[in-house]
2 protein chains.
Amino acid sequence: MSVTIKDIAAELGISATTVSRSLKDDVRITKEVRERVKKLARKMGYRPNLMAKSLVSNRTETIGFLVDNLSWSFFSELAECVQNAAEKHGYSVFIYSSQKNAERERAGVESFLSRGIDGLLIFATEAKENEDFYGELAEMSIPVAYFNHFDPMNVNCVTTDDYDGARKAMKHLKELGHRKVGYIGSREDSSFKRQRLAAYLDAVADYGWDIVPEWVALQEDDPLYGYRAAKEWLSSGGDKPSAIFAQNDMLAFGVCRAVAELGLRVPQDVSVIGYDDLDMCMSLHPPLTTVKIPLKQLAESAIRFLVERIGTEKSEDDVRLKTTFSPNLVIRQSTARYEG
Amino acid sequence: MSVTIKDIAAELGISATTVSRSLKDDVRITKEVRERVKKLARKMGYRPNLMAKSLVSNRTETIGFLVDNLSWSFFSELAECVQNAAEKHGYSVFIYSSQKNAERERAGVESFLSRGIDGLLIFATEAKENEDFYGELAEMSIPVAYFNHFDPMNVNCVTTDDYDGARKAMKHLKELGHRKVGYIGSREDSSFKRQRLAAYLDAVADYGWDIVPEWVALQEDDPLYGYRAAKEWLSSGGDKPSAIFAQNDMLAFGVCRAVAELGLRVPQDVSVIGYDDLDMCMSLHPPLTTVKIPLKQLAESAIRFLVERIGTEKSEDDVRLKTTFSPNLVIRQSTARYEG
DNA sequence: ATTATTTATGCGAACGTTCGCATAAAGTAG
DNA sequence: CTACTTTATGCGAACGTTCGCATAAATAAT
């Protein structure tokens, strides 16, 4: 099968220990021997067996990353950032997609744990039934960090201030003169949704915008619900919103589609704001005004935390991580002054 | 630290062997004992150590998946399919993003090999400098499959017939009366690009379309090059293409953006066809006509192959895998009859 | 020359499993 | 009641590393 340290040792007539030490450039071994070993190892195609190494060291140099659904751009962009950040510290990333399923979420974590990952990074479903599970996880010796806003829970979080981000979007609309603003989001309860919706509702109240209950559309999780909700609003006979704030960019794209299909234009007839700032925002028409989630910073911050915690004994006076970035509004071409 | 089989054995006053066997419901152990062991294991929070298991069994129940760039929708959608397919057979997937870098590609495979993955699934960069590397990989005892069209090489491939797919797109344009068709693709040389471009060039020749050398735009890999190329063509004073075939959907979105920015409409003024059929095609305006890559079938076929090969001794008369799916054109609303 | 110190290497256990083989206990046949 | 089979469990090695401790050889100090 594959070449082991023993094969090299046998070939050279030395002990496995010496080979092991030579390969990691241990000064106790003469330079001469070290070179010979490394040369032969290369020649024989030696590849260290990480499982054997892990068994004794209790380290895998791997971080488990649990996401909602890898096929969604937001998560895959984040995953790429996580992988890059981890790599800088010499860690690999094992990604698992829970598909927003609470049971799979637990199964994924179990799998990670069995694999002996050194740290855990979670974008949680926030399913009610998993709350105890998140709690148990926090008690474990392995470091865990969440990208969620788990305020009341005793867990480590790295997030953006979504209330602030959404508020910036609302302020932008106010400054453009909008007073008829709709909100499209997911029905599912999550910390993200709560913050973004709260900022919208507060803005409606604070700025004295028109209050139209139907202009808050919370639908099932479906890539097309932004499209459908916007189409309904805009094709109705009555009063129509002049601006629409979508809970994420994909929803906003759907809104843009609805606007275009009705022969209207973004932003002249309807302003649209998204949330996330996906890479493709720049490739679409019109380039979307959106709240930028700083994926790179989030990933690096979370990974740095995990890497620092890994290997340090867990103690009572460990500070809880609570890093919050303030997101920026990226103004592009999907928002314009309201001439009403 | 964590609970081991020995802890359970000690607690129950039996041997580790019996515990191990009880946990896998070995009939040699009395039902009574098995139950007691399983109950205690649950109570103690026992989690099997997959590294230890792998060391002896030489199996990790893991498949390594190497992609170009996980943050691109095409790859993340494919990755999700791969994970689902693998899971059906009890395998996990370790994803590594090479970022289209030949060196990282090799490093990724090395990392997989060190981790002892059971099978390897590769979306290769096709870098010239890695050709030897792909060859060596094929010689190894571990099963490997590619999503690339590696025709001349002695490797296992699961692909779609991209010539056929692109040809279907071209036929559609011809039937709509187009004669002025542009092609936008990546400059980088790859089997995918070659097939799609060849189908376009053949169509131009076979159908007697206008031959305008500038209408083949091969640019650097940049999410915005579809936009830029289309903008240049359409804003020039001279003859303009009535239809544009983009090598992938993201490029096609950029084309649509360029059309819209110039005050023109898709499909009334310019027809646009993409390739891939990303999920978001339905969320954008206009819903894109595109060639659908059957990701689910590709993933399932590749995984099935790997799973079957895993554990069977490699032999000379192993048939080489060469599965090719014929992709379908999905006609949506970005293509229309040419009234020229 | 003897002892102490340094330097270079090796032995053997350990990590948490699995698995072949042995053993002990119980059951069946003569 | 001996011999033979079946059933239930345990022993110990193995997987490929690493690491503490020992040993042997070489050098330095007395």
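Checked by atom type and distance alone, the side chain of A/Glu80 pairs as donor or acceptor with a backbone atom of B/Ser71 at under 3.5 Å. Counting only distance, with no hydrogens or angles, the side chain of B/Asn130 and the backbone of B/Ala102 share a donor-acceptor pair below 3.5 Å.
The separation between A/Ile14 atom CD1 and C/dA8 atom P is 14 Å, rounded to whole Å. Regarding B/Arg36, its CZ atom lies at a distance of 15 Å from the P atom of D/dA8, rounded to whole Å. Across the protein-nucleic acid pair, A/Arg28 atom CZ and C/dA8 atom P stand 11 Å apart, rounded to whole Å. The nearest whole Å value for the distance from the CZ atom in A/Arg34 to the P atom in C/dT7 is 13 Å. Remark: P of C/dA14 and CE of B/Met51 are 20 Å apart, rounded to the nearest angstrom. When the P atom of D/dC15 is taken as reference, atom CZ of B/Arg59 falls 16 Å away, rounded to whole Å. In this structure, A/Lys53 atom NZ and D/dC15 atom C1' are separated by 16 Å, rounded to whole Å. Between the P atom of D/dC19 and the CG atom of A/Leu23 lies a distance of 13 Å, rounded to the nearest Å.
Side-chain contact check for A/Leu121 versus A/Leu306: some heavy-atom pair is nearer than 4.5 Å. Here the side chains of B/Tyr96 and A/Glu87 are in contact, with some heavy-atom distance below 4.5 Å.
For a distance-only test at 3.5 Å, the side chain of B/Thr17 qualifies as a donor-acceptor partner of the base of D/dG12. For A/Arg21 and D/dG20, a side-chain-to-base donor-acceptor distance below 3.5 Å is present, hydrogens and geometry of angles not being considered. A donor and an acceptor atom never sit less than 3.5 Å apart when one is taken from the side chain of B/Arg115 and the other from the base of D/dG16.
Each of B/Val56 and B/Ile29 has a nearest nucleotide on DNA chain D; the 5'-most of these lies closest to B/Ile29.
Of the candidate nucleotides D/dC15, D/dT9, C/dG10, C/dG10 has the atom nearest to the side chain of A/Thr18.
A 6.0 Å sphere centred on CZ of A/Arg104 holds more than 12 heavy atoms belonging to other residues, nucleotides or ligands. For NZ of A/Lys43, the number of neighbouring non-hydrogen atoms (other residues, nucleotides, ligands) closer than 6.0 Å is 12 at most.
For B/Phe65 and B/Phe123, the ring centers sit 6.0 Å or farther from each other.
Between A/Ser15 and C/dG10 there is a side-chain polar atom (N or O) within less than 4.0 angstrom of OP1 or OP2. The phosphate of C/dA8 has neither OP1 nor OP2 within less than 4.0 Å of any side-chain N or O from A/Thr30. Side-chain N/O atoms of A/Ser20 include none lying less than 4.0 angstrom from OP1 or OP2 on D/dG16.
Under a 4.0 Å N-O distance rule, the pair A/Arg28/A/Asp26 qualifies as a salt bridge.
At the heavy-atom level, A/Ser57 lies nowhere under 4.0 Å from the strands shown. If you check every strand for non-hydrogen atoms under 4.0 Å, A/Lys24 touches sugar and phosphate atoms only.
Looking at residues 38-50 of chain A, you'll see that no heavy atom sits under 4.0 Å from any atom of DNA chain C.
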